[in-house]
Amino acid sequence: MTLRYLTAGESHGPTLTAILEGMPANLPLCEEDIDRHLARRQQGYGRGGRMKIEQDRVRFLSGVRWGLTLGSPITLSIENRDWANWDKKMSPRAEDRMEGEAVTHPRPGHADLSGVIKYRQDDARNILERSSARETAVRVAVGSLCRRFLSELGIEVMGYVTELGGVKCEEVLEDYRERFARSEASPCRTFDSNAEKRMIAAIDQAKEAGDSLGGVVEVAVLGAPVGLGSHVHWDRRLDGRLAAAVMSIQAFKGVEIGAGFEAARRPGSQVHDEIEYRDGGFSRRSNRAGGLEGGMTNGEAIVVRGAMKPIPTLYQPLQTVDMESKKPFAATVERSDVCAVPAAAVVAEAVVAIEVANALLEKCGGDSIEEVRENLDSFRRHVERF
């Protein structure tokens, strides 16, 4: 049993849609399980005007009946309220074509120019609508469903911001749940109140300058059993799958697990986690590996970080070239955020939850949540006896 999903929809199309296959039957599920995380994605200091228009809500179009999953493919839909203003511009009908609406000034740092060349287009809107980070709304919906599945099995997923606009969290806080709790009350989704003040100031300064800011988000997964993933093939290694999932988020340019790049700067004695046997089980004295060794979970907290670049749509636009005349122009300005790093932490939670849920189903299998739980409990008893 494995999970797989596809998303569809454009930023200003009528809806965003996803189909998720492989979720076991009998998982208790309601719209609120998804909607509360969609709302979290829309929050954060530095968000733009689109968030004032959209109030994202999910609709289940298949796979859920009377509050329980059926084991069949689940279709999730999120309406784009802004579609009312774009029905002609984004119409599928040839007779609605509007002359003079083509976007011909590709934005540096976006998919615009490469996509236009690849797909033989003359209008960058045919690229930017799908490449937009608006797509992450429906990925958060899928990830929230997977998060609900994991919570039934005692596994928690929590994300927060550790750096924004060059301002780093400096407070030492080892408890991941406390980090998450504090971050949920922060407009920058961070646990360090002193850093938060400087982050807000940096966002305000960037907004005044017509600029944008990036940052680093961290996702911690607690309660995952040892043995998810595998060492036997490259595409079964969970660390590689997590890295790919996080890197697939729009504007993400780097991923690290555990100590990450810092491990390359230290001697081995300061990198590898010593093993001990305590209270009837194996554990590590530290967690520099980020909960993953040899492509498998080792029973410690999974810790993944992703680096998000500044959003490339600037209100003081960078220079580009008109695709028709080949003359220099200012880049097209689409409605955008000054900083979306706090929202990106929620997106990172979602994609990590999807990969962990998939690895758990690969390990335990089962067509119903009851069967998955029985199989997981059996494996956990094996671990306790080992």
Indicate yes or no for a side-chain donor-acceptor contact from T136 to the backbone of A133 under 3.5 Å, with no hydrogens or angles considered.
yes

Is there a donor-acceptor pair under 3.5 Å between the side chain of E218 and the backbone N or O of V304?
no

Is it the case that R107 and T313 place a side-chain donor and acceptor less than 3.5 Å from each other?
yes

Rounded to the nearest 0.5 Å, what separation is found between the CG atom of L361 and the OG1 atom of T2?
8.0 Å

Which residue, E300, E276, E293, forms the salt bridge (Lys or Arg N to Asp or Glu O under 4.0 Å) with R284?
E293

Taking the side chain from S183 and the backbone from F191, do they hold a donor-acceptor pair closer than 3.5 Å?
yes

Closest contact, heavy atoms only, P108 versus P312:
O-CB, 3.2 Å

Shortest non-hydrogen separation from I19 to P73 and the atoms involved:
CG2-CB, 4.0 Å

CZ-OG1 distance between F329 and T320, expressed to the nearest 0.5 angstrom
10.5 Å

Can you tell me if D211 and Q316 form a side-chain donor-acceptor pair at under 3.5 Å?
no

Given the rule in the side-chain hydrogen bond (donor to acceptor under 3.5 Å, both in side chains) test, do S286 and D273 qualify, once you have shown the distances and angles that lead to the verdict?
CA-CA 5 Å; S286 56; D273 304 306; 2.5 Å; yes

Modelled atom types, side-chain donor and acceptor of E196 and S186, under 3.5 Å:
yes

Decide yes or no for P28 and L68: does some side-chain heavy atom of the first lie under 4.5 Å from some side-chain heavy atom of the second?
yes

Are side-chain heavy atoms of Q42 and D56 found at a separation under 4.5 Å?
yes

Check whether F149 and L38 end up in the same hydrophobic cluster, where Ile, Leu, Val, Met, Phe, Trp and Tyr are linked by side-chain heavy atoms less than 4.5 Å apart.
yes

Under a 3.5 Å cutoff, is there a donor and acceptor pairing between the side chains of N375 and S378?
no

Quick check on R266: does its CZ atom have over 12 non-hydrogen neighbours (other residues, nucleotides or ligands) under 6.0 Å away?
yes

Would you say the side chains of D82 and N85 form a donor-acceptor pair under 3.5 Å?
yes

In sequence, state the C-alpha distance, the side-chain angles, and the governing distance for E170 and N194, and then conclude on side-chain hydrogen bond (donor to acceptor under 3.5 Å, both in side chains).
CA-CA 9 Å; E170 297 177 352; N194 291 324; over 6 Å; no

Would a distance-only check, ignoring hydrogens and angles, find a side-chain to backbone donor-acceptor pair under 3.5 Å from T297 to G299?
no

Side chains of M308 and K253, heavy atoms from C-beta outward: is any pair under 4.5 Å?
no

So, taking the atom named NE2 in H110 and the one named OG in S131, what distance separates them when rounded to the nearest 0.5 Å?
7.0 Å

Is there a path of hydrophobic side-chain contacts, each under 4.5 Å between heavy atoms of I, L, V, M, F, W or Y residues, that connects V216 with M199?
no

Nearest atoms (heavy-atom pairs only) where C146 meets A357
CB-CB, 3.9 Å

Note, Q43 side chain near P342 side chain (heavy atom, < 4.5 Å)
no

Output for pair (I127 CD1, E129 CD), nearest 0.5 Å, gives 11.0 Å

Shortest non-hydrogen separation from I354 to V142 and the atoms involved:
CD1-CG1, 3.7 Å

Answer whether the closest heavy-atom distance between the side chains of R59 and L76 falls below 4.5 Å.
no

Looking only at side-chain N and O atoms, does R4 offer a donor or acceptor that is under 3.5 Å from a partner on N358?
no

With a cut-off of 6.0 Å (strictly less than), are more than 12 heavy atoms of other residues, nucleotides or ligands near CZ of R236?
no

Evaluate side-chain hydrogen bond (donor to acceptor under 3.5 Å, both in side chains) for R40 paired with H37, printing each intermediate quantity in order.
CA-CA 5 Å; R40 292 174 63 234; H37 296 296; 3.0 Å; yes

Taking every non-hydrogen atom, the tightest pair across I369 and L27:
CG2-N, 4.1 Å

Any ion pair linking R182 and E178 (charged N to carboxylate O, less than 4.0 Å)?
yes

Indicate yes or no: at least one non-hydrogen side-chain atom of C188 is less than 4.5 angstrom from one of V161.
no

Is the number of heavy atoms from other residues, nucleotides or ligands within 6.0 Å of CG (L6) greater than 12?
no

Could you tell me which non-hydrogen atom of A18 sits nearest to which non-hydrogen atom of V138, and how far apart they are?
CB-CG2, 3.6 Å

Hydrophobic cluster identity match, L242 and V255, side-chain contacts under 4.5 Å:
yes

Other residues, nucleotides, ligands: >12 heavy atoms within 6.0 Å of E370 CD
yes

Would you mind reporting whether F60 and E31 have side-chain heavy atoms less than 4.5 Å apart?
yes

Establish whether F379 and L292 are linked, either directly or via other cluster members, by ILVMFWY side-chain heavy-atom contacts under 4.5 Å.
no

Check whether any side-chain heavy atom of R125 lies under 4.5 Å from a side-chain heavy atom of M90, and answer yes or no.
yes

With side-chain contact (heavy atoms from CB on, under 4.5 Å) as the criterion, how do I78 and T15 come out once you've worked through the C-alpha distance, each side chain's angles and the decisive distance to 0.1 Å?
CA-CA 5 Å; I78 300 172; T15 62; over 6 Å; no

Regarding R130 and T7, is there a side-chain donor-to-acceptor distance under 3.5 Å anywhere?
yes

Exactly one candidate in R189, R147, R41 meets salt bridge (Lys or Arg N to Asp or Glu O under 4.0 Å) with E349; the answer is R147

Spell out, yes or no, whether V217 and M158 are grouped together once hydrophobic residues are joined by side-chain heavy atoms under 4.5 Å, including indirect joins.
no

Classify the ring geometry of Y277 against F282: parallel below 30°, tilted from 30° to 60°, perpendicular beyond 60°.
perpendicular

Between D322 (side chain only) and E324 (backbone N and O only), is there a donor and an acceptor less than 3.5 Å apart?
yes

Evaluate the criterion salt bridge (charged side-chain N to carboxylate O under 4.0 Å, His left out) for residue pair E152 and R148; output intermediate values, then yes/no.
CA-CA 7 Å; E152 277 289 304; R148 177 71 189 89; 2.9 Å; yes

Rounded to the nearest 0.5 Å, what separates atom CG in N287 from atom CD in E174?
10.0 Å

Main-chain N/O of Y119 paired with Q121 side-chain donor or acceptor, under 3.5 Å:
yes

So how far is it from R179 CZ to D192 CG, rounded to the nearest 0.5 Å?
10.5 Å

Polar side-chain atom of T69 near backbone of P24 as donor-acceptor pair, under 3.5 Å
yes

Kindly confirm or rule out a cation-pi arrangement of K309 over F252, judged by NZ or CZ under 6.0 Å from the six-membered ring centre and within 45° of its axis?
no

Is the count of non-hydrogen atoms from other residues, nucleotides or ligands lying under 6.0 Å from Q319 atom CD greater than 12?
yes

Does D96 form a salt bridge (charged side-chain N to carboxylate O under 4.0 Å, His left out) with R93? I'd like the steps, not just the answer.
CA-CA 6 Å; D96 287 338; R93 297 179 296 273; 2.8 Å; yes

Is a side-chain donor or acceptor of D123 paired with a backbone partner of V103 at a separation under 3.5 angstrom?
yes

Residues that E135 engages under salt bridge (Lys or Arg N to Asp or Glu O under 4.0 Å), provided they are two or more places apart
R139

Check whether the ring centres of Y160 and F180 lie less than 6.0 Å apart, and answer yes or no.
no

